[in-house]
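Read the structure below first, then the notes.
The figures here come from the full heavy-atom set of this structure, side chains too, leaving out hydrogens, waters and symmetry mates. None of the values given here were measured: they were computed from a predicted structure.
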Amino acid sequence: MAPDVYRMLQEHLDELPGGYPATESGVEIQILKKLFTPEQAELTLCTSLIPERANVIAYRAGISDEEAVEKLDQMVQEGLILGLYPPGKEPTYMSAQYVIGIWEYNVNELDQELVDLMSQYHEHLFDMESWKASPQLRTIPVSKSLDASHAVMPH
């Protein structure tokens with residue numbers, strides 16, 4: 001039996017700093033099925049938190065560069081991944097965390113079914129035992145001293 005692409009996507013999202021833990025009820029899978037087509041789920045598995053050009057993701061996915069650009073741009077528009085479009089440079093694409101990310105990107109597209117599913121999942125997602133121990137953003141030490149002097153400035 002082939003692996004379930006939605007379970008693989010749930011595990012992929014759970015590996016990101018914000019997490020996306022599994023539940024006994026499987027409501028997290030229902031949410032993913034509501035947001036992603038199986039094809040989009042498979043392509044998302046080929047992305048990471050490091051922004052990459054479409055040809056890199058296309059190679060991983062086994063599709064043409066042109067097909068990857070088309071599909072990735074559509075997924076950015078649907079709020080499923082993040083796309084970076086710097087002026088004069090080739091776009092890059094990366095995984096989006098569920099929270100803060102996919103959920104917020106889709107807030108203007110909510111329907112009652114998705115709201116109900118998220119309400120069911122909310123309790124588990126933010127349960128302190130299942131919430132990721134590491135913060136989504138971290139301070140990286142650079143071994144430099146900071147000037148701790150204070151100044152009073154005119155207003």
Side-chain angles (χ1 to χ4, degrees), residues 1-23 25-128 130-142:
M1 182 175 180
D4 179 11
V5 70
Y6 290 107
R7 179 57 62 199
M8 291 169 53
L9 179 58
Q10 176 271 315
E11 291 168 355
H12 174 77
L13 294 174
D14 195 40
E15 290 296 317
L16 302 179
Y20 190 72
T23 65
S25 70
V27 68
E28 75 284 0
I29 301 299
Q30 291 176 280
I31 292 170
L32 295 177
K33 286 180 177 180
K34 178 95 172 125
L35 294 171
F36 292 81
T37 66
E39 186 177 66
Q40 289 171 328
E42 284 183 25
L43 190 53
T44 302
L45 293 172
C46 297
T47 64
S48 71
L49 275 182
I50 299 170
E52 298 174 307
R53 293 187 323 268
N55 65 326
V56 174
I57 298 168
Y59 177 79
R60 258 189 236 123
I63 60 177
S64 72
D65 295 356
E66 296 78 20
E67 184 180 0
V69 168
E70 182 182 326
K71 290 179 178 183
L72 291 166
D73 284 338
Q74 182 62 38
M75 291 170 65
V76 169
Q77 291 299 313
E78 292 179 22
L80 304 176
I81 62 171
L82 183 62
L84 305 171
Y85 300 91
K89 294 185 180 179
E90 197 172 340
T92 57
Y93 306 90
M94 60 189 281
S95 291
Q97 300 184 105
Y98 186 70
V99 173
I100 299 174
I102 296 169
W103 176 251
E104 288 76 13
Y105 301 154
N106 283 280
V107 78
N108 291 329
E109 306 299 322
L110 298 178
D111 61 17
Q112 191 59 51
E113 180 186 9
L114 189 54
V115 170
D116 292 343
L117 290 170
M118 187 56 184
S119 293
Q120 293 172 40
Y121 188 55
H122 184 269
E123 291 178 27
H124 186 75
L125 180 63
F126 297 111
D127 175 51
M128 292 313 288
S130 62
W131 187 250
K132 292 280 188 177
S134 60
Q136 292 185 30
L137 302 174
R138 296 180 204 60
T139 302
I140 300 173
V142 292

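- Other residues, nucleotides and ligands contribute at most 12 non-hydrogen atoms within 6.0 Å of the CD atom of E70.
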Report the C-alpha distance between Q30 and V27 in whole Å, list the side-chain angles of each, state the deciding distance to 0.1 Å, and finish with yes or no for side-chain contact (heavy atoms from CB on, under 4.5 Å). CA-CA 5 Å; Q30 291 176 280; V27 68; 4.0 Å; yes
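- At a threshold of 4.0 Å, the pair E42-R60 does not count as salt-bridged, since none of the basic side-chain nitrogens sits closer than that to a carboxylate oxygen.
- Atom CD1 of I81 and atom CD of Q74 lie 10.5 Å apart (nearest 0.5 Å).
- At least one side-chain heavy atom of L110 sits under 4.5 Å from a side-chain heavy atom of W103.
- Not a single ring pair (Phe, Tyr, Trp, His ring centres under 6.0 Å) links Y93 to another residue, sequence neighbours left out.
- For the atom pair CD of Q77 and CG of L72, the computed distance is 12.0 Å after rounding to the nearest 0.5 Å.
- The minimum heavy-atom distance linking A58 with A68 is given by the pair CB-CB, 3.5 Å.
- Looking at heavy atoms from C-beta onward, E52 lies out of side-chain contact with Y59 at the 4.5 angstrom threshold.
- The two residues T23 and Y121 have their closest heavy-atom pair at CG2-CE1, 3.5 Å.
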Can V99 and E104 be said to form a side-chain contact (heavy atoms from CB on, under 4.5 Å), step by step? CA-CA 7 Å; V99 173; E104 288 76 13; 3.9 Å; yes
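- Between P17 and L49, some side-chain heavy-atom pair lies under the 4.5 Å cut-off.
- Residues G19 and P21 share a closest heavy-atom pair of C-CD, 3.9 Å.
- Taking 4.5 Å as the limit, every side-chain heavy atom of L82 sits out of range of all side-chain heavy atoms of T47.
- Of all the heavy atoms in Y98 and M118, the pair that sits closest is OH-SD, 3.6 Å.
- With hydrogens and angles left out, the side-chain atoms of E78 and Q40 include a donor and acceptor closer than 3.5 Å.
- Atom OG1 in T44 sits 7.0 Å away from atom CD1 in I102 (nearest 0.5 Å).
- Atoms CG and OG1, on L32 and T37 in that order, are 12.0 Å from each other to the nearest 0.5 Å.
- No side-chain heavy atom of Q120 sits under 4.5 Å from any side-chain heavy atom of E28.
- Going from atom CD of E15 over to atom CG of L13 covers 10.0 Å, rounded to the nearest 0.5 Å.
- Counting only heavy atoms from C-beta outward, the side chains of D73 and Y85 approach each other to under 4.5 Å.
- Side chains of E39 and L43 form no contact here, defined as non-hydrogen atoms less than 4.5 Å apart.
- No hydrogens or angles considered: a donor-acceptor pair under 3.5 Å links the side chains of H12 and S95.
- Among residues two or more places apart in sequence or in another chain, the salt bridge (Lys or Arg N to Asp or Glu O under 4.0 Å) test is passed with E113 by K34.
- Of all heavy-atom pairs spanning I63 and E67, the tightest one is CB-OE1, 3.5 Å.
- For the atom pair CD (Q112) and CG (L117), the distance works out to 10.0 Å, reported to the nearest 0.5 Å.
- R7 CZ: more than 12 foreign heavy atoms inside a 6.0 Å radius.
- Looking only at side-chain heavy atoms (C-beta outward), V5 and F36 stay at 4.5 Å or farther from each other.
- Contact record, L9 with A41: CD2-CB, 3.8 Å, taken as the closest heavy-atom pair.
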